[in-house]
Amino acid sequence: MKRSDDSEREKRRKRRRLLQELGEQRIPFLSPSDAGFQQLWESSYAGLTVRKAGALPGDLHERVQSALSTLLQRGCLLRDLVRVRDRDVFTAVSRALVGQPGCTYRYLDTRLFTIPWHCGDGDESCPPATPTPIPTPPVPDGGPCCDTDLRVACKALWELNRFFCVDIQRHNNSRRGGGTAGEGSDKRGGSGPAGEATASGGGAEDRVLEEKEQRAEKEEVGGDSNSGQGCSQALDPPTATPSRPVQFNITLINYMDPRGMTQLKQEPYYGMGKMAVGWHHDENLVPLSPLAVYSYSCPGETKTEAMMEEKEQTSKEGDKKEEEVEGRRAEEQGAGEEGPSKEEGETEEACWRVGLKVAWDIHTPGLALPLQSGDCYYMTDDLNRTHQHCVLAGETARFSSTHRVAQCSTGTLEYIQRRCSEALENLHTDPESGAKSLRSLILSTLQHIEDIHNEVEFEWLRQYWFQGRRYARFCSWWSKPMERLEADWKQMERMTELLLALVEDESSVQENRREMAETLLNALTDRQQHRQTWRDRRMRQPGVMVVD
């Protein structure tokens, strides 16, 4: 966990430094009604493009909005229990992951499992959106994994995904050819190099700190699996290039009705208003890959029983230290004179907005873009790396469908099944007696097997049984695969027992028995620590801080 902890400490250090440097002041931000808004967008936020609702076919809007409502009504949208500063906390938004069958998405020590989208009238798999096809295990009874309504909903989201893949590729081609961003875009000609976004940043020190943070975040995504907490240690993911077609493989569906929320934080640096999702970079994505977001504001929907149950689990107190400081600053600023005058502030804050800022920079003004229902926006180039974004709550309920190229080289069912096969190759079963033994006692092989053992248990089984199986009541796709993973894990437990018996056998003549014992002791110690962490997570009352 060291690299993850170091990254979190670095972020907190940067946050404290910014707050100290700001004092009681606010960084200015611009909205469309402000002079200089367009110039700021073109000079510092060139990787952002907005597509107004009219740029999408009307029938696609209808299908997508109906699909989002179906997911809510069916109870598919749930608040995730994530890990923040060693505490389990509920997200402020309710979420579901829809996408390529067998894909997962990991953030804040939580793995989400896809509800598969459907491309045809039946349950056929979609064309692969990852470099290699993902075998789709059969559903337990050989029939559909979801009922008709849910299949129709997921298919509509796949159609939106296909539209985004084509439209964003057309947009990129237009920019490379010197054209405009396309009809229906609020921002035309956003073809400036992404590097210009940092031209007015906070100096060399900020740039060095930003690069250090990016390295730490990359390590956090890839390195934590050594301690049973990560998923991307093995492979260096491919980097998106302008010539490579865009293929989003997942969409993260979000829903919030701010009228039912009492703990939304005030945006602390600019005074933009209440945040539904705080400042962040999207995690676990293929480097330089774009993001596409569909926004749908709607009247408050009837809350499902599942949502009400989760709301009851959220208590009224939390980690108040940084939040109270930031909250007081935001409240004080509301009564002060710092920052630009917002004559249309009340009107702007009534609708949902996306906020953007140059990461860890207090010199470049921020950007706040209002989103009407049906509007979309794209984040291209390296905008997600060099900038941070937040979502500012409006007055009505709102869905979003956020389409991503998830880095899933080590986050697919096919990957973990392959890892299980690698480990179990070392288990021999006598065809006559059924007795089991280990084929190889080479230390590197034993270590490799124990690493896989931990990965299966802590990155897949415990993640799924902790909260992933909530989706099994309306989608059975993952049920059988997880049962098979559990069966493989039991075989690995047996392999560990065989090794333990061997190293404890005083009469054994195995020459490297001491080294094997050390390898096993390290693996068991690590495993016990992580089992205790998960045991604590299940027994401890969940944290009460609502996070972004």
**Pairwise side-chain contact, Cys103 with Thr114, heavy-atom cut-off 4.5 Å (strictly under)** = yes
**Arg151 bridged to Asp147 by N-O distance under 4.0 Å** = no
**Request:** For the residue pair His389 and His280, categorise the inter-ring angle as parallel (less than 30°), tilted (30 to 60°) or perpendicular (more than 60°).
**Result:** tilted
**Request:** Please name all residues satisfying side chain to side chain contact (heavy atoms under 4.5 Å, CB included) with Asn522, sequence neighbours left out, ordered by chain then number.
**Result:** none
**Request:** May I ask you to decide whether Arg527 forms a salt bridge with Glu450, counting only side-chain N to carboxylate O separations under 4.0 Å?
**Result:** yes
**Request:** Find the distance between CD (Gln463) and CZ (Arg469) and round it off to the nearest 0.5 Å.
**Result:** 13.5 Å
**Prompt:** What's the shortest heavy-atom distance between Phe163 and Pro57, and which atoms?
**Reply:** CE1-CD, 3.9 Å
**Request:** Check Ala53 against Ser373 and note the closest heavy-atom contact, atom names and distance.
**Result:** CB-O, 3.7 Å
**Complete:** Heavy-atom closest pair (Cys146 atom, Ile115 atom, distance to 0.1 Å) is SG-CG2, 4.3 Å
**Request:** Would you please name every residue forming a side chain to side chain contact (heavy atoms under 4.5 Å, CB included) with Leu500, sequence neighbours left out?
**Result:** Val503, Glu504, Leu520
**Message:** I need the Leu413 CG to Leu485 CG distance, nearest 0.5 Å.
**Reply:** 6.0 Å
**Partner of Arg419 under salt bridge (charged side-chain N to carboxylate O under 4.0 Å, His left out), chosen from Glu414, Glu459, Glu425, Glu455** = Glu455
**Message:** Is the terminal nitrogen or CZ of Lys155 (NZ for Lys, CZ for Arg) located under 6.0 angstrom from the six-membered ring centre of Trp117 and within 45° of that ring's axis?
**Reply:** no
**Asked** So, Arg51 and Asp375, do they make that salt bridge, N to O below 4.0 Å?
**Response** no
**4.5 Å side-chain heavy-atom contact, Trp352 and Gln372** = no
**Message:** For Arg111 and Thr104, which I'm curious about, is there any donor-acceptor pair between the side chains at under 3.5 Å?
**Reply:** yes
**Carboxylate-amine/guanidinium contact Glu267 Lys274, below 4.0 Å** = no
**Prompt:** With the threshold set at 4.0 Å, does a side-chain nitrogen-carboxylate oxygen contact exist between Arg494 and Glu497?
**Reply:** yes
**Gap between atom CZ of Arg162 and atom SG of Cys165 - 0.5 Å precision** = 10.0 Å
**Minimum heavy-atom distance Cys76-Leu150, with the two atoms named** = SG-CD1, 4.0 Å
**Worked check of ring pair (Phe, Tyr, Trp, His ring centres under 6.0 Å) between Phe113 and Tyr464** = CA-CA 8 Å; Phe113 298 80; Tyr464 181 77; 5.3 Å; yes
**Message:** If you define the side chain from C-beta out and look only at heavy atoms, does anything of Leu371 sit under 4.5 Å from Tyr377?
**Reply:** yes
**Request:** Decide yes or no for Gln491 and Lys436: does some side-chain heavy atom of the first lie under 4.5 Å from some side-chain heavy atom of the second?
**Result:** yes
**Prompt:** With a 4.0 Å cut-off, would you call Asp88 and Arg83 a salt bridge?
**Reply:** yes
**Asked** Quick one: do the Tyr107 and Asp282 side chains pair a donor with an acceptor below 3.5 Å?
**Response** no
**Request:** Before giving the answer on ring pair (Phe, Tyr, Trp, His ring centres under 6.0 Å), spell out for Phe164 and Tyr378 the whole-Å C-alpha distance, their side-chain angles and the decisive distance to 0.1 Å.
**Result:** CA-CA 9 Å; Phe164 280 151; Tyr378 303 150; 5.7 Å; yes
**Message:** side chain to side chain contact (heavy atoms under 4.5 Å, CB included), that's the test. Do Ser401 and Leu157 meet it? Break it down for me.
**Reply:** CA-CA 8 Å; Ser401 181; Leu157 294 170; 4.1 Å; yes
**Message:** Run Phe466 and Trp534 through ring pair (Phe, Tyr, Trp, His ring centres under 6.0 Å) and show every step you take.
**Reply:** CA-CA 9 Å; Phe466 188 58; Trp534 280 96; 5.3 Å; yes
**Request:** Please examine the side chains of Trp477 and Pro101, heavy atoms only from C-beta on, and report whether any two atoms are closer than 4.5 Å.
**Result:** yes
**Message:** Can you confirm whether Met495 sits close enough to Asn426 that some side-chain heavy atom of one is under 4.5 Å from a side-chain heavy atom of the other?
**Reply:** yes
**Prompt:** Has the side chain of Gln388 got a donor or acceptor atom that lies under 3.5 Å from a matching backbone atom of Ala359?
**Reply:** no
**Prompt:** Can you tell me if Ser295 and Ser400 form a side-chain donor-acceptor pair at under 3.5 Å?
**Reply:** no
**Asked** Hey, are the side chains of Arg259 and Glu395 touching, using non-hydrogen atoms and a 4.5 Å cut-off?
**Response** no
**Message:** I'd like to know if the side chain of Ser476 and the backbone of Ala472 have a donor-acceptor N/O pair within less than 3.5 Å.
**Reply:** no
**Nearest heavy atoms of Ala156 and Val64, plus distance in Å** = O-CG2, 3.9 Å
**Asked** Taking atom types as modelled, is there a side-chain donor on His281 or Asn384 under 3.5 Å from an acceptor on the other?
**Response** no
**Message:** With a 6.0 Å cut-off on the ring centroids, do Tyr294 and His61 count as close?
**Reply:** yes
**Message:** Can you see whether Asp451 engages His453 through a side-chain donor-acceptor pair at a distance of less than 3.5 angstrom?
**Reply:** no
**Request:** Run the numbers on Val98 and Asn161 for side chain to side chain contact (heavy atoms under 4.5 Å, CB included), then give the verdict.
**Result:** CA-CA 11 Å; Val98 180; Asn161 192 74; over 6 Å; no
**Request:** State, without any angle test, whether Arg404 and Thr402 hold a side-chain donor-acceptor pair at a distance under 3.5 Å.
**Result:** yes
**Message:** Would you say that Arg398 contacts Val391 through its side chain, given a criterion of any heavy-atom pair below 4.5 Å between the two side chains?
**Reply:** yes
**Request:** Decide, yes or no, whether a salt bridge links Arg531 with Asp526 under the criterion of side-chain N to carboxylate O below 4.0 Å.
**Result:** no
**Asked** So which heavy atom on Leu160 is nearest to which on Leu60, and how close?
**Response** N-CD1, 4.0 Å
